[in-house]
Amino acid sequence: MFKKILVANRGEIALRILRAARELGIETVAVYSEADRDSLHVRFADEAVCIGPPPSSASYLHIPRIISAAEITAADAIHPGYGFLSENAHFAEVVESCHIKFIGPSAEQIRRMGDKAAARKAMVAAGVPVTPGSEGTLQSPDEAASVAAELGYPVIIKAAAGGGGKGMRIATDETSLRNGIRMAQAEAEANFGRGEVYLERYVQNPRHIEFQVIGDRHGNLIHLGERECSIQRRHQKLIEESPSVAIDDELRTKMGSAAVTGAKSIGYESCGTIEFLLAPDRSFYFMEMNTRIQVEHPVTEEVTGYDLIKAQIAVAAGVELPWKQEDVRLRGHALECRVNAEKPDHNFQPSPGKVSYVHAPGGPGVRVDSHLFSGYTVPTHYDSMVAKIITWGRDRMESIVRMRRALEETVIEGIDTTIPLHLRILEDPAFLNGDIHTGYLDEFLSLEHVSK
Ligand code: MV4
């Protein structure tokens with residue numbers, strides 16, 4: 001096992017990883033920017049190294065400074081968390097070339113799944129269902145037009161280098177397709193330095209369902225059920241849950257085997273997520289693979305009883321996965337509400353600043369993953385998420401009732417948060433019915449606006 005892990009991240013995920021390392025008896029190193037000097041992750045770690053000024057580009061994304069911090073402290077592994085450098089294949093390569101273990105998959109697996117067109121090809125080759133679409137990337141607008149004519153409109157244009165919704169365009173006819181291709185290419189070129197795009201038939205009103213997988217280097221790879229992540233705005237998830245009301249045992253077995261087949265086909269090691277679109281007719285299609293631990297991993301932990309971060313560290317150290325697929329049981333229901341420092345009634349405008357007072361909820365079935373404390377200042381430089389409130393119940397309704405109660409107990413003074421919006425969603429009949437899809441939140445917000 002590792003002796004010392006450096007956590008190349010901040011906020012709640014840095015705390016989550018430090019906690020796992022401590023339980024495993026592994027020493028810890030935090031890195032921090034000048035904006036995070038007073039943060040909890042600095043205090044929780046055995047050692048802490050300042051890696052630069054507040055902008056991420058000069059600190060949490062600055063590879064030489066992070067490597068230097070690991071070398072100075074003699075860390076033998078680096079955990080990247082999520083965001084920042086977690087899906088940067090070059091970083092994984094540099095870490096390994098310094099004889100430090102990158103806690104995640106190989107650089108090659110990150111690179112392969114980071115190219116969305118290559119990921120799609122790999123899944124087709126493995127026999128995982130993908131939406132009908134172009135063979136690979138498109139060479140010309142004329143080729144796009146003939147592929148689209150065969151697929152039938154609407155189609156969706158995706159950037160090979162994109163992901164998470166960046167560089168996407170929907171086209172309803174040939175004119176909008178030709179315009180869309182040009183705009184998507186320009187956007188992808190500007191954002192990722194790579195303009196290639198591909199086409200898929202557009203699936204209307206799908207659910208976003210993702211399967212958690214974990215693999216080791218001995219060829220074992222299992223799934224840990226699904227997460228329903230349809231409640232999102234501009235590709236930022238707000239509420240996640242496990243299991244999904246749309247999935248019964250039969251569909252879970254089918255989608256879970258597809259996820260395992262897909263991940264095994266690339267020899268995947270570590271925690272990962274296979275994202276699917278689930279259509280109203282229950283057909284499902286591979287969308288993307290995320291090669292990191294995700295924000296919403298706690299709902300899977302709550303229903304499986306497994307500690308995903310401890311498992312991720314152990315498999316990175318070469319330990320054999322101690323679980324078999326048939327051991328995995330999903331017990332009860334878990335919900336996660338992301339608490340962001342934002343004004344949900346003013347177009348989700350950021351609301352950074354000093355948190356004069358905080359009181360976290362507690363009691364049965366409540367878990368809070370947060371770096372907040374009374375007197376903490378939410379900096380302007382980073383993501384706005386300040387807490388994740390996770391509830392568990394024997395069934396979905398019990399987890400919802402507990403979530404309402406937990407959100408009502410929560411006190412966060414000095415900044416605005418998404419808590420009032422969560423409480424309104426948790427009363428919405430469509431949500432209570434499990435009647436959700438990727439357009440749900442936009443519809444909910446515009447309907448609320450009309451009725452006010
Ligand atoms: C799609 C789709 C419909 N049809 N692909 C959005 C993010 C990226 N992972 C892929 N996305 C989509 N791909 C086909 N063929 C709809 C989306 C999509 C979406 C997916 C998941 C969650 C929210 C979404 C919001 C808008 C569009």
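Keep in mind the model is a prediction, meaning the values are calculated, not measured. In listed order, ligands and their atoms are each counted from 1.
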Tell me if the centroids of the rings in His41 and Tyr32 come within less than 6.0 Å of each other. no

Closer than 4.0 angstrom, basic N to acidic O: yes or no for Arg16 and Asp307? yes

Determine the sole option in Glu226, Glu228, His437 for which the side chain to side chain donor-acceptor pair (under 3.5 Å) test with Arg207 is passed. Glu228

Under-4.0 Å salt bridge between Lys254 and Asp248: no

Charged N to carboxylate O below 4.0 Å: is that the case for Arg396 and Glu398? no

Do Tyr382 and Tyr60 have ring centroids that are under 6.0 Å from one another? yes

Between ligand 1 and the protein, tabulate every N or O atom pair separated by less than 3.5 Å, reporting distance only.
unit_1   : atom_1 : unit_2 : atom_2 : d
ligand 1 : 4 (N)  : Val203 : N      : 2.9
ligand 1 : 5 (N)  : Lys158 : NZ     : 2.9
ligand 1 : 9 (N)  : Glu288 : OE2    : 2.8
ligand 1 : 13 (N) : Lys158 : NZ     : 3.0
ligand 1 : 15 (N) : Glu200 : OE1    : 2.9
ligand 1 : 15 (N) : Arg201 : O      : 2.8

